[in-house]
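To start, the structure under review is shown below, and the notes come after it.
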Amino acid sequence: AQSVTQLDSQVPVFEEAPVELRCNYSSSVSVYLFWYVQYPNQGLQLLLKYLSGSTLVESINGFEAEFNKSQTSFHLRKPSVHISDTAEYFCAVSKNSGGSNYKLTFGKGTLLTVNP
Amino acid sequence: GAVVSQHPSWVICKSGTSVKIECRSLDFQATTMFWYRQFPKQSLMLMATSNEGSKATYEQGVEKDKFLINHASLTLSTLTVTSAHPEDSSFYICSAFPTPSYEQYFGPGTRLTVT
């Protein structure tokens, strides 16, 4: 079984400051890693994913995450945040095998609040 | 991109009644859909895996007789909460899983309030 730990339940930052949201996982098999964002009263949107290849993955809105196998981490970073980045962020893992094994295990989420 | 819809977005029902939530993949076929439940300010908890043409697979601790899942077509899965009680009030989210694919696409969620 997999598990995901998001170390910070809330992260308040000021606009234009850098931010890091931490995620560690545990799994006995190879995994895919995901970051999802959830705005208030909305469903989840995929922010970025790691499947294979380069350990640094980027999103279109300036976020990036780095897969560190030795530390079993997949921390999310952004060098300069905007007010509009205020949301709940979920780290998730799935087995990288087929069919229903792709079901996701989520962390508890980190509420990022960007203040002016 | 792939779009998943849910209907209704918000429903209020009285205790003891049943309510049905629909999950549709609008522009792709999904042999597998997942149903999640999210309590306020908490993470998503997987309830069940819905497979087209076969019985759903429920996670441990989820009452299959209370949460009925029907995946009747490649674009539609339904979750029926039977004999709802206030503790069933929650945010229910589905995701659809195109085959072959590793990536799930999430619906916008349905907020259920049981009075």
Side-chain angles (χ1 to χ4, degrees), chain A residues 1-11 21 23 25 29-53 57 59-60 86-113, chain B residues 1-7 9-10 21 23-24 30-52 54-60 62 69 71 77 90-113:
Chain A
Q2 296 82 43
S3 67
V4 178
T5 302
Q6 291 184 244
L7 298 168
D8 305 298
S9 59
Q10 297 186 50
V11 174
L21 307 183
C23 172
Y25 70 93
V29 299
S30 296
V31 296
Y32 292 146
L33 293 156
F34 304 84
W35 275 100
Y36 286 89
V37 59
Q38 185 180 33
Y39 299 99
N41 297 312
Q42 295 186 29
L44 274 69
Q45 300 174 32
L46 179 65
L47 191 59
L48 45 74
K49 60 185 180 286
Y50 171 79
L51 306 178
S52 64
V57 291
S59 72
I60 59 174
T86 294
E88 189 88 29
Y89 291 80
F90 292 97
C91 181
V93 300
S94 72
K95 295 180 184 179
N96 66 353
S97 53
S100 60
N101 285 327
Y102 286 145
K103 60 185 182 183
L104 293 167
T105 300
F106 286 89
K108 292 187 176 182
T110 298
L111 177 61
L112 173 64
T113 303
Chain B
V3 179
V4 177
S5 69
Q6 282 185 242
H7 178 79
S9 57
W10 188 21
I21 302 170
C23 176
R24 292 181 185 273
T31 56
T32 300
M33 292 183 175
F34 297 106
W35 286 96
Y36 296 86
R37 183 174 180 177
Q38 185 180 29
F39 291 101
K41 298 182 188 276
Q42 294 191 30
S43 187
L44 283 76
M45 181 190 74
L46 180 66
M47 299 175 64
T49 303
S50 171
N51 296 299
E52 188 269 337
S54 63
K55 290 183 178 180
T57 303
Y58 291 82
E59 296 298 304
Q60 190 173 8
V62 177
I69 292 173
H71 195 151
S77 176
S90 190
F91 197 49
Y92 292 88
I93 301 174
C94 73
S95 70
F97 181 31
T99 305
S101 175
Y102 52 79
E103 185 172 342
Q104 297 177 39
Y105 297 91
F106 285 82
T110 296
R111 185 164 301 284
L112 170 63
T113 301

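Per chain, numbering begins at 1; letters A, B, ... match sequence-line order. For clarity, every value in this text was computed on a predicted model and none was experimentally measured.
Two rings, from B:Y36 and B:F106, have their centers less than 6.0 Å apart.
A donor-acceptor distance shorter than 3.5 angstrom exists from the side chain of A:Q6 to the backbone of A:G109, with no hydrogens or angles considered. Using modelled atom types, no side-chain atom of A:Q38 and backbone atom of A:Q45 make a donor-acceptor pair closer than 3.5 Å.
If you measure heavy-atom distances from A:L44 to chain B, the contacts under 4.5 Å come from both the backbone and the side chain. With a 4.5 Å cut-off on non-hydrogen atoms, B:L44 touches chain A through its backbone and its side chain both. Only the side chain of A:F90 comes within less than 4.5 Å of a heavy atom in chain B; its backbone stays farther off. Only the side chain of B:Q38 comes within contact range of chain A, with at least one heavy atom under 4.5 Å from a heavy atom of that chain.
Across A:E88 and A:T110, no two heavy atoms sit closer than the pair OE2-N, 3.4 Å.
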